[in-house]
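Reading through the structure tokens given below for one structure.
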Amino acid sequence: MDSRTGLPVVGMVGGGQLARMTHQAAIALGQSLRVLALAPDDGAALVAADVQYGDHTDLAALRTFAKGCDVVTFDHEHVPNEHIRALTDEGVKLFPPAEALVHAQDKRVMRERLGELGAPNPAWCPVESPADLIAFGEETGWPVVLKAARGGYDGRGVWMVDDAGQAGELAATLLAGGTPLLVEERVALRRELAVQVARSPFGQVAAYPVVETVQRDGICVEVLAPAPDLPEEQAVAAQQLAIDLATALGVVGLLAVELFDTPSGLVVNELAMRPHNSGHWTIEGARTSQFEQHLRAVLDYPMGDTSLTAPVVVMANVLGGEPGGMSIDERLHHLFADEPGAKVHLYGKQVRPGRKIGHVTVLGNDLDDVRARAARAARRLQEGQ
Ligand SMILES: Nc1ncnc2c1ncn2[C@@H]1O[C@H](COP(=O)(O)OP(=O)(O)O)[C@@H](O)[C@H]1O
Ligand SMILES: [Mg+2]
């Protein structure tokens with residue numbers, strides 16, 4: 001509790017753009033997010049006043065950080081689960097709880113649990129040896145999708161495997177390096193969807209509209225809200241699935257369910273329990289942003305209105321372009337001149353090719369128009385043209 005304001009102190013482990021944008025939402029609630037960052041140039045460390053430095057894998061650093069926080073939450077899933085358990089046993093309030101978060105930390109644990117809960121999984125199996133992977137490929141048909149069970153993001157940790165030869169070599173190398181693996185059938189997906197819900201300790205849940213996420217090279221580049229041409233009953237079923245999962249897993253805070261839209265229905269890809277790239281559109285596009293909603297949920301406040309503020313909302317990620325050419329400042333100038341309605345979010349990151357450095361959001365009435373405007377705005381920042 002902040003004795004000056006009488007308002008709670010939320011600590012977030014991790015100082016990336018998710019913490020940066022959560023801090024923005026905290027400000028409106030009269031708070032100032034406390035951040036555990038790795039370095040002073042982390043996106044959130046650049047803007048928050050209450051920053052501590054330390055490694056999220058260091059139990060002592062986490063313990064020091066948690067002192068004086070009413071609740072601790074996360075901007076990524078890389079805090080060791082046993083540290084979360086240890087701190088919980090010491091009386092620290094951490095959300096989502098360790099027992100829930102493990103399903104976003106370990107894709108094998110997630111697949112097993114989804115199976116038990118009757119949620120739609122692709123065919124999959126754990127890979128303990130190259131022979132496991134080859135047998136799976138021979139049985140389900142190549143190509144297959146090999147995944148690191150832990151630690152991957154933005155497609156790092158996901159490999160398309162075309163045949164037994166490639167499978168044997170890759171699995172041997174990864175297993176020798178100590179990477180726990182699983183393999184999934186390559187799903188014949190028409191497109192990718194995502195649905196977010198927030199759940200409070202009280203048990204209140206609030207679902208956002210289902211969105212379409214467009215990926216390139218394993219990275220989300222565009223989000224369309226609401227998902228175009230999704231039959232109402234499928235949208236409701238996806239929201240219900242996310243609500244049921246949040247409740248069954250005991251999630252507190254946000255849950256993002258990444259889905260594959262296939263000819264035979266929706267299949268779960270993966271779960272995330274934090275603000276998510278598929279929800280950045282909510283800052284302007286929903287009555288309550290995902291960042292505010294996450295804070296409300298972990299603080300056990302009532303949930304905010306999740307409805308859309310416009311018929312169509314499109315978010316486009318801005319990736320770092322090749323060095324040289326126009327400065328970012330000059331690019332922004334052109335973007336604003338070209339598209340006064342675009343909302344720009346830059347994360348304060350140094351530009352590196354392919355790195356997510358920001359996003360833009362455009363609201364409107366016509367999907368093709370809004371999508372083209374968002375893409376053009378992102379391109380102006382990314383490529384300067
Ligand atoms: N079983 C699968 N079949 C087809 N494509 C897949 C499969 N699993 C993952 N992908 C593709 O790879 C992307 C990244 O996979 P994901 O498991 O979400 O990893 P990450 O943790 O890096 O986001 C997905 O968004 C999808 O485009
Ligand atoms: Mg993913």
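Just so you know, ligand 1 is whichever comes first in the structure, and atom 1 is the first atom listed for that ligand.
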- Is there a donor-acceptor pair under 3.5 Å between the side chain of Glu258 and the backbone N or O of Glu192? no
- Centroid-to-centroid, His56 to His76, below 6.0 Å? yes
- Aromatic rings His359 and Tyr347: how do their planes relate, parallel, tilted or perpendicular, breaks at 30° and 60°? tilted
- Can you tell me the N, O or S atom of Glu270 that's nearest the Mg ion (ligand 2)? OE2
- Which pair of non-hydrogen atoms, one from Ala148 and one from Thr179, has the smallest distance, and what is that distance? CB-CG2, 3.6 Å
- Item | Shortest-distance N, O or S atom of Glu258 relative to the Mg ion (ligand 2) | OE1
- Heavy-atom side-chain proximity of Arg376 to Glu339 below 4.5 angstrom: yes
- Query: Does the ring center of Tyr208 lie less than 6.0 Å from the ring center of His276?
  - Reply: no
- Query: What residues come within 4.0 Å of ligand 1, counting heavy atoms only?
  - Reply: Lys107, Val145, Lys147, Gly152, Tyr153, Asp154, Gly155, Val158, Met160, Glu184, Glu185, Arg186, Val187, Leu189, Glu192, Gln215, Glu258, Phe260, Asn269, Glu270
- Message: Do Glu185 and Val144 have side chains that approach each other closer than 4.5 Å (heavy atoms only, starting at C-beta)?
- Response: no
